[in-house]
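Right, one structure below, let's go through it.
It should be emphasised that the depicted structure is a prediction, and the values quoted were computed from it without experimental measurement. Values below: every heavy atom of this structure, side chains too, minus hydrogens, waters and symmetry copies. Within every chain, numbering begins at 1; the chains are lettered A, B, ... in the order of the sequence lines, protein sequences first and strands thereafter.
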Amino acid sequence: MSVFIPLGVLDDAVIRKIAEISGENAGRCMQCGTCSAVCPMVESMQPSVRQLMLLLQHGQSGAALEASTAWTCAACHTCLVRCPRGIDIPRVMEAIRQMVLRENLDRINPRGIPAETLAAVPPIALVAAFRKLTA
Amino acid sequence: MTTVKTGIAAELIPIYIMGKRYLVPEALTIMKAIEYAGYQFIRGCGCRGGVCGACSTVFRREGDYKIYSGLACQTVVEPNMHLAQIPFYPALRRPYDYAAAVADGAIVAQLYPEVFRCVACNACTKICPMDVQVMDYIGALKRGDLALAASISFDCIQCGLCASRCMAEIPQYHVAQLARRLYGGKLAPRAEHLAAMVGRISSGAYRALLGELKTMSAKQLREVYTGRQMEPAMTDESWRPDENVGL
Amino acid sequence: MKISYYPGCTLKSKARNFEDSALASLAALGFEVTELERWNCCGALFSLTTDDLLHQLAPVRVLIRAQQAGAGKVTTLCSQCYNTLARANRLMREDEEKRNTLNQFMTEEPDYHGQVEVVHFLQLLRDEIGWERIRAALKRPLTGLKVAPFYGCMLLRPKEVGIDSPVKPSILMDFIAALGATPTDFAAAEECCGAYQVLAAPEAGLKRTRRVVEAARASGVDALVLSCPLCEYNIGKQQQELAAPGGALPVFYFSQLLAVALGAAEESCRFDLNAAGARELLEERGLIAAAARK
């Protein structure tokens with residue numbers, strides 16, 4: 001993946017918005033990549049967690065919100081435990097999800113899930129998925 | 001002081017219907033007050049007896065932030081109440097095959113998966129004009145307890161105010177109805193005495209008695225009916241008539 | 001001190017085998033908890049936003065119910081419920097501003113200040129009952145059974161509510177040892193099962209299933225024990241989607257093995273609700289009587 005980094009003053013609007021929603025400063029990330037290394041979902045996401053943090057640091061809000069990263073995150077909190085900078089990355093992911101969901105845009109359609117799946121999964125799967133992925 | 005049709009002298013009090021001020025006689029129900037103010041109900045009015053759920057009203061009181069609700073046919077006007085009718089709120093009921101349906105939590109998840117979006121904000125319970133613990137029956141349905149949901153939602157009159165307030169966009173009253181129908185038809189224990197009675201009827205035990213009634217004139221029927229021994233207004237389940245020819 | 005038991009939605013529906021076996025085990029150990037009469041879904045996941053308190057209402061309401069029941073502690077079996085309730089409790093204890101806002105919003109409820117303590121069932125076993133008492137009460141030690149713990153996420157992370165070290169936990173290993181089985185660690189014990197992504201990104205979820213099952217197989221374990229119904233679904237039930245060679249890797253709720261070892265009535269284990277292989281393994285090892293095949 002290539003990251004377009006514009007010349008000039010970095011736009012910190014998205015970092016500030018994320019801080020407002022989550023209380024976390026994504027600007028503190030030092031790009032060590034530990035998060036990506038321990039992320040159990042990393043092979044299914046594009047870009048990786050570290051790369052997403054880089055996008056945020058460069059004010060690339062469009063790319064960050066369109067990325068699959070936050071939507072593939074399972075909120076397992078492994079990165080939180082391992083981050084040497086102590087950044088609560090799950091909260092950053094939540095903030096990105098919320099920036100989309102608060103526009104009333106669902107990422108999963110509850111009525112679109114196959115009937116046999118709805119009947120089979122435990123209630124906590126439905127509650128958790130709808131909390132993370134519906135507006 | 002004004003005199004309404006009943007001849008009872010009543011004070012006129014100000015109320016606000018959809019933002020417009022009207023003076024209406026105190027002690028009227030909201031429904032009658034709205035009619036007194038000159039409106040005509042074409043919809044949003046049904047039984048006028050507090051059971052059909054067609055005339056839900058939401059109102060606020062001055063000096064208070066809260067939203068209140070009531071049935072227009074049952075709630076008496078108060079000075080300076082600000083009200084509007086919410087006779088209908090879109091909430092779609094989903095079709096399903098009742099005969100084939102299995103009465104457990106899976107069908108709730110299949111028909112109304114949005115139930116699992118409930119965040120327990122309790123806005124539904126707070127708006128319910130029938131004091132149904134709506135949040136609690138949604139909670140019961142999330143854990144697949146149709147019997148509990150049927151029991152908690154028993155007083156629901158399907159007015160739809162819960163759905164109007166739901167931040168999870170759940171059509172609560174339709175889900176509750178699904179629970180009651182499945183519980184009533186497939187889970188509730190069968191009443192043995194009912195089956196016994198049906199058996200007696202179909203065996204012809206009452207054929208002669210009915211035949212006798214069928215030969216009577218309207219006058220005779222009226223006499224039999226009005227002459228029967230009545231159950232006292234206040235009595236318990238132990239009361240029995242002196243003579244019970246029908247049973 | 002009165003201990004309330006909060007079941008959670010899944011324990012009353014898909015995970016009856018978890019609840020029934022746990023309660024039967026407590027009865028066998030002579031330890032009492034009282035199920036909450038009135039409760040709601042906890043929300044399954046703790047809300048990670050700071051500017052939205054609405055999603056904290058559900059767990060806080062549950063804590064209020066425990067307080068109303070006169071409980072000093074509330075215990076849960078489901079790891080997700082535990083995590084959500086424990087974190088909401090910390091919020092109510094530590095953040096005065098949010099506590100006040102939440103209390104003021106819920107005008108219909110009594111105020112809550114975090115008085116109740118949230119404990120996971122495994123903490124009860126370890127801290128209140130103790131491994132020694134369990135060991136002494138064994139009727140049928142699980143000798144020779146190689147069992148690996150699958151902690152998943154919610155028992156351990158974040159560390160503020162983790163019931164053990166987030167990077168090197170031992171509580172389930174100690175539990176397995178207390179049952180007389182052979183505790184066997186494996187590489188994926190603290191990893192994620194894929195969680196709710198089973199609904200949104202099922203392919204990504206299945207990669208998790210494969211990874212955990214293969215890691216367990218590589219360690220030569222007979223079975224996994226876990227404490228989360230979503231893990232049980234993703235690692236247990238979803239194995240059928242993998243068509244892995246070597247048959248199914250049995251997955252148990254920890255309480256099921258506890259009930260078997262304590263000699264509790266087998267009906268309480270509800271092995272019919274487990275994924276394939278669970279009941280068969282215990283039958284084969286002579287730990288439960290062989291069931292009549294349909």
Side-chain angles (χ1 to χ4, degrees), chain B residues 60-61 64-69 102-110 112-128 131-149 151-153 162 165-170 172 175-176 179 182-183 187, chain C residues 5-16 18-19 35-47 49 52-65 68 76-78 80-81 84-85 88 101-110 112 196 198-200 229-230 233 273:
Chain B
R60 292 185 191 261
R61 297 179 169 119
D64 187 348
Y65 72 88
K66 283 200 163 298
I67 296 174
Y68 296 91
S69 70
V102 177
D104 67 18
I107 192 169
V108 175
Q110 288 175 323
Y112 301 100
E114 61 272 21
V115 160
F116 296 89
R117 278 169 37 86
C118 170
V119 296
C121 73
N122 207 29
C124 48
T125 302
K126 291 201 266 191
I127 198 76
C128 179
D131 297 331
V132 171
Q133 295 287 333
V134 184
M135 180 185 77
D136 284 28
Y137 80 61
I138 291 295
L141 291 168
K142 281 170 107 170
R143 66 188 97 134
D145 194 339
L146 298 180
L148 182 60
S151 162
I152 298 174
S153 71
C162 47
R165 296 282 293 153
C166 184
M167 70 155 288
E169 295 150 288
I170 303 167
Q172 294 95 329
V175 197
L182 290 172
Y183 174 76
L187 294 176
Chain C
Y5 162 57
Y6 170 74
C9 305
T10 305
L11 278 284
K12 291 294 183 190
S13 47
K14 299 285 180 193
R16 281 279 184 187
F18 196 5
E19 168 166 270
E35 185 172 328
L36 287 176
E37 277 180 28
R38 186 183 173 203
W39 52 273
N40 51 268
C41 165
C42 68
L45 288 176
F46 182 72
S47 170
T49 53
D52 158 33
L53 289 179
L54 197 60
H55 290 86
Q56 306 296 358
L57 292 172
V60 174
R61 253 186 238 284
V62 171
L63 297 167
I64 290 171
R65 298 289 171 256
Q68 287 173 319
T76 67
L77 285 158
C78 169
Q80 287 199 213
C81 295
T84 308
L85 294 178
T101 307
L102 284 162
N103 277 328
Q104 280 162 19
F105 180 83
M106 290 188 279
T107 50
E108 70 277 22
E109 308 283 8
Y112 181 73
Y196 56 88
V198 64
L199 291 166
L230 190 45
Y233 184 79
L273 295 175

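- For the options B/Ala120, B/Ala140, B/Gly105, heavy-atom pairs under 4.5 Å to chain C are most numerous at B/Ala120.
- Among residues at least two apart or in separate chains, salt bridge (charged side-chain N to carboxylate O under 4.0 Å, His left out) pairs with a member in residues 135-146 of chain B are B/Asp136-C/Arg38.
- C/Ser47 does not touch chain B: none of its heavy atoms, backbone or side chain, sits under 4.5 Å away.
- At least one donor-acceptor pair closer than 3.5 Å links the side chain of C/Asn40 to the backbone N or O of C/Ala58.
- A cation-pi arrangement, defined by a distance under 6.0 Å to the six-membered ring centre and an angle within 45 degrees of its axis, is absent between C/Arg65 and C/Tyr6.
- Contact annotation for B/Tyr65: only side-chain heavy atoms (C-beta onward) come within less than 4.5 Å of a heavy atom of chain C.
- Of the possible polar contacts, none joining the B/Arg165 side chain to the B/Asn122 backbone as a donor-acceptor pair under 3.5 Å is found.
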